[in-house]
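Values below: every heavy atom of this structure, side chains too, minus hydrogens, waters and symmetry copies.
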Amino acid sequence: MSGDLPLNINIKEPRWDQGTFMGRAQHFFMVTDPRNVLLSSEVLEDARVTVEDYRLGVVKPGLTEDQLWRAKYIYDSAFHPDTGEKMLLVGRMSAQVPMNMTITGCMLTFYRTTPAVVFWQWVNQSFNAIVNYTNRSGDAPLTMNQLGAAYVSATTGAVITALGLKSLTKHLPAIMGRFVPFAAVAAANCINIPFMRQRELKCGIPVTDAEGKRIGESTKAAQQAIVQVVVSRIGMAVPAMAIPPVIMNALEKKAFMKRFPVLNAPVQVGLVGFCLVFATPLCCALFPQKSSMKVSSLEPELQESLRQSNPHITTVYFNKGL
């Protein structure tokens, strides 16, 4: 061992108490920091080496605790927690704000024509498919057939919902049409996430004991994880897709917006981005990343297996995904 930094810092867990909402919020403000998207491959690799060496008991000379935690969060922002693989850039949580503000802003701006609705719902579900795959729980691969089915199902569901609601709002106040994209996104999340993670529902996700030792795979844990992610994703969309339409509905009546209609899209995107900077980490923090479940709530065969091999365990833990 080299360096003066002690080896008892638990970087397997977040820096802040994940038993509280504020602790989880602080953690996810770091994880979703959009500035991490700009980090070079060299910085990411240096963070990976720092974290993995520290876990092996090797400390880089001169490394401070703050630098270690910074490296841990850079590592977490780019590498999958279960597989250790570098994640696709646009699928990382740090890319959520810049990607979603652009796509959501355009969905809210170009909602009046059918081709625009279809195009932006397709773009959004294509992005969501990448995010859901990148941030899946567990380490089992998905087949191309499974990916394709999830993608087609979610995109079709979003487009049908958007077009159906668009037709229903023709005779309602104009502002109601602005909320069609949100309803379509909410419906698509309920389809896309379970489909994209269907293998987890069939085969289960890894569950561990309190020390992180893998003790089995559970489909019940997968169900709980996916429900929590769906709720978080819909919650994430609420401020970004509910607040800007109200503001834009008022602004579009102002003289300067009528004189400069080209400002519509940039202003909409900016409002969405402002909402997402806060909504993304706060909604990710609704549930602990390392979720837990009572053994008594697991499937009967896994309960029996644990009673025989680990009778002292009453609670199991799992990565819920994002």
Open item on the list: A side-chain contact here means heavy atoms from C-beta on lying under 4.5 Å apart; do Asn100 and Thr280 qualify?
Closed with: no

Task: side-chain hydrogen bond (donor to acceptor under 3.5 Å, both in side chains) evaluation trace for Ser291 with Gln224 - done: CA-CA 9 Å; Ser291 286; Gln224 178 174 304; 4.8 Å; no

Task: Ion pair Arg55/Glu52, N-O distance below 4.0 Å - done: no

Task: Donor-acceptor contact below 3.5 Å, side chain Glu299 vs main chain Thr219 - done: yes

Task: Shortest non-hydrogen separation from Pro239 to Ala279 and the atoms involved - done: CG-CB, 3.8 Å

Open item on the list: Let me confirm one number: the OG-CD distance from Ser297 to Gln223, rounded to the nearest 0.5 Å.
Closed with: 11.5 Å

TODO: Would you mind reporting whether Lys72 and Asp76 have side-chain heavy atoms less than 4.5 Å apart?
DONE: yes

Open item on the list: Side-chain heavy atoms nearer than 4.5 Å, only ILVMFWY residues, links allowed to pass through others: does that put Phe21 and Val231 together?
Closed with: yes

Task: Nearest-0.5 Å distance that lies between atom CE in Met93 and atom OG in Ser77 - done: 11.5 Å

Task: Connected via hydrophobic side-chain network under 4.5 Å: Ile130 and Ile226 - done: yes

TODO: Give the cluster check for Ile205 versus Leu306: same hydrophobic cluster or not, with ILVMFWY residues linked at side-chain heavy-atom distances below 4.5 Å.
DONE: yes

TODO: Give, for atom CE of Met30 and atom OG1 of Thr32, the distance between the pair rounded to the nearest 0.5 Å.
DONE: 10.0 Å

Task: Phe127, CZ atom: more than 12 neighbouring heavy atoms under 6.0 Å - done: yes

- [ ] List the steps, then state whether side chain to side chain contact (heavy atoms under 4.5 Å, CB included) holds for Ile74 with Thr50.
- [x] CA-CA 11 Å; Ile74 290 175; Thr50 298; over 6 Å; no

Open item on the list: Using the rule that Ile, Leu, Val, Met, Phe, Trp and Tyr join whenever any side-chain heavy atoms are under 4.5 Å apart, tell me whether Trp69 and Leu7 fall into a single cluster.
Closed with: yes

Open item on the list: Do Cys284 and Gln96 make a side-chain contact, defined as non-hydrogen atoms from C-beta onward lying under 4.5 Å apart?
Closed with: no

Open item on the list: Using every non-hydrogen atom in the two residues, find where Arg24 and Gly19 come nearest and quote the distance to one decimal.
Closed with: NH1-C, 3.8 Å

- [ ] Determine the minimum heavy-atom distance between Thr315 and Val295, stating which atoms define it.
- [x] N-CG2, 3.8 Å

Task: Arg92 side-chain N/O to Val37 backbone N/O, donor-acceptor pair under 3.5 Å - done: no

TODO: Check the pair Thr208, Lys213 against side chain to side chain contact (heavy atoms under 4.5 Å, CB included), reporting the backbone distance first and the verdict last.
DONE: CA-CA 5 Å; Thr208 70; Lys213 180 183 177 183; 5.7 Å; no

TODO: Please tell me if the side chains of Asp209 and Asn310 come closer than 4.5 Å, counting only heavy atoms from C-beta onward.
DONE: no

- [ ] Could you check if a side-chain atom of Leu271 sits within less than 4.5 angstrom of a side-chain atom of Ile243, using non-hydrogen atoms only?
- [x] no

Open item on the list: If you compare all heavy atoms of Leu276 against all heavy atoms of Met236, which two are closest, and at what distance to 0.1 Å?
Closed with: CD2-O, 4.0 Å

Open item on the list: Please report the interatomic distance CZ(Arg15) to CD(Glu65), rounded to the nearest 0.5 Å.
Closed with: 5.5 Å

TODO: Mind checking the OG1-CE spacing from Thr104 to Met99? Nearest 0.5 Å is all I need.
DONE: 10.0 Å

Open item on the list: Using modelled atom types and a 3.5 Å cut-off, is there a donor and acceptor pairing between side-chain atoms of Gln121 and backbone atoms of Phe119?
Closed with: no

- [ ] May I ask you to test the Asp53-Lys60 pair for a side-chain heavy-atom distance under 4.5 Å?
- [x] no

Task: Residue pair Gln228, Leu286: steps toward the side chain to side chain contact (heavy atoms under 4.5 Å, CB included) verdict - done: CA-CA 8 Å; Gln228 290 177 347; Leu286 289 175; over 6 Å; no

TODO: Check whether any side-chain heavy atom of Tyr73 sits under 4.5 Å from a side-chain heavy atom of His27, and report yes or no.
DONE: yes

Open item on the list: Just checking Lys220: does its NZ atom have more than 12 heavy atoms from other residues, nucleotides or ligands closer to it than 6.0 angstrom?
Closed with: no

- [ ] Kindly compute the distance separating CG (Asp33) from CZ (Arg35), expressed to the nearest 0.5 Å.
- [x] 4.0 Å

- [ ] Tell me whether Phe79 is reachable from Leu56 by hopping between hydrophobic residues (I, L, V, M, F, W, Y) whose side-chain heavy atoms are closer than 4.5 Å.
- [x] no

Task: Main-chain N/O of Tyr75 paired with Arg48 side-chain donor or acceptor, under 3.5 Å - done: no

TODO: Specify whether Phe278 and Phe29 have parallel, tilted or perpendicular ring planes, treating 30° as the upper limit for parallel and 60° as the lower limit for perpendicular.
DONE: perpendicular

- [ ] Could you tell me which non-hydrogen atom of Ala210 sits nearest to which non-hydrogen atom of Tyr317, and how far apart they are?
- [x] CA-CE1, 3.6 Å

TODO: In sequence, state the C-alpha distance, the side-chain angles, and the governing distance for Arg70 and Asp66, and then conclude on salt bridge (charged side-chain N to carboxylate O under 4.0 Å, His left out).
DONE: CA-CA 6 Å; Arg70 173 61 179 157; Asp66 284 341; over 6 Å; no

- [ ] May I ask you to decide if Leu302's main-chain N or O and Ser305's side chain share a donor-acceptor pair within less than 3.5 Å?
- [x] no

- [ ] Kindly say whether Ile9 contributes a backbone atom to a donor-acceptor pair with the side chain of Tyr54 at under 3.5 angstrom?
- [x] yes

Task: pair Val229-Phe287: side-chain heavy atoms closer than 4.5 Å - done: no

TODO: Look at the side chain of Gln268 and the backbone N and O of Cys106, then say whether any donor-acceptor pair between them is shorter than 3.5 Å.
DONE: no

Open item on the list: Closer than 3.5 angstrom, by distance alone: can the side chain of Glu85 be matched with the main-chain N or O of His80 as a donor-acceptor pair?
Closed with: no

TODO: Take Glu42 and Asp46 through the side chain to side chain contact (heavy atoms under 4.5 Å, CB included) test and state the conclusion after the steps.
DONE: CA-CA 6 Å; Glu42 291 75 18; Asp46 182 65; over 6 Å; no

Task: Over all atoms of both residues, closest heavy-atom pair of Pro34 and Val97 - done: CG-CB, 4.4 Å

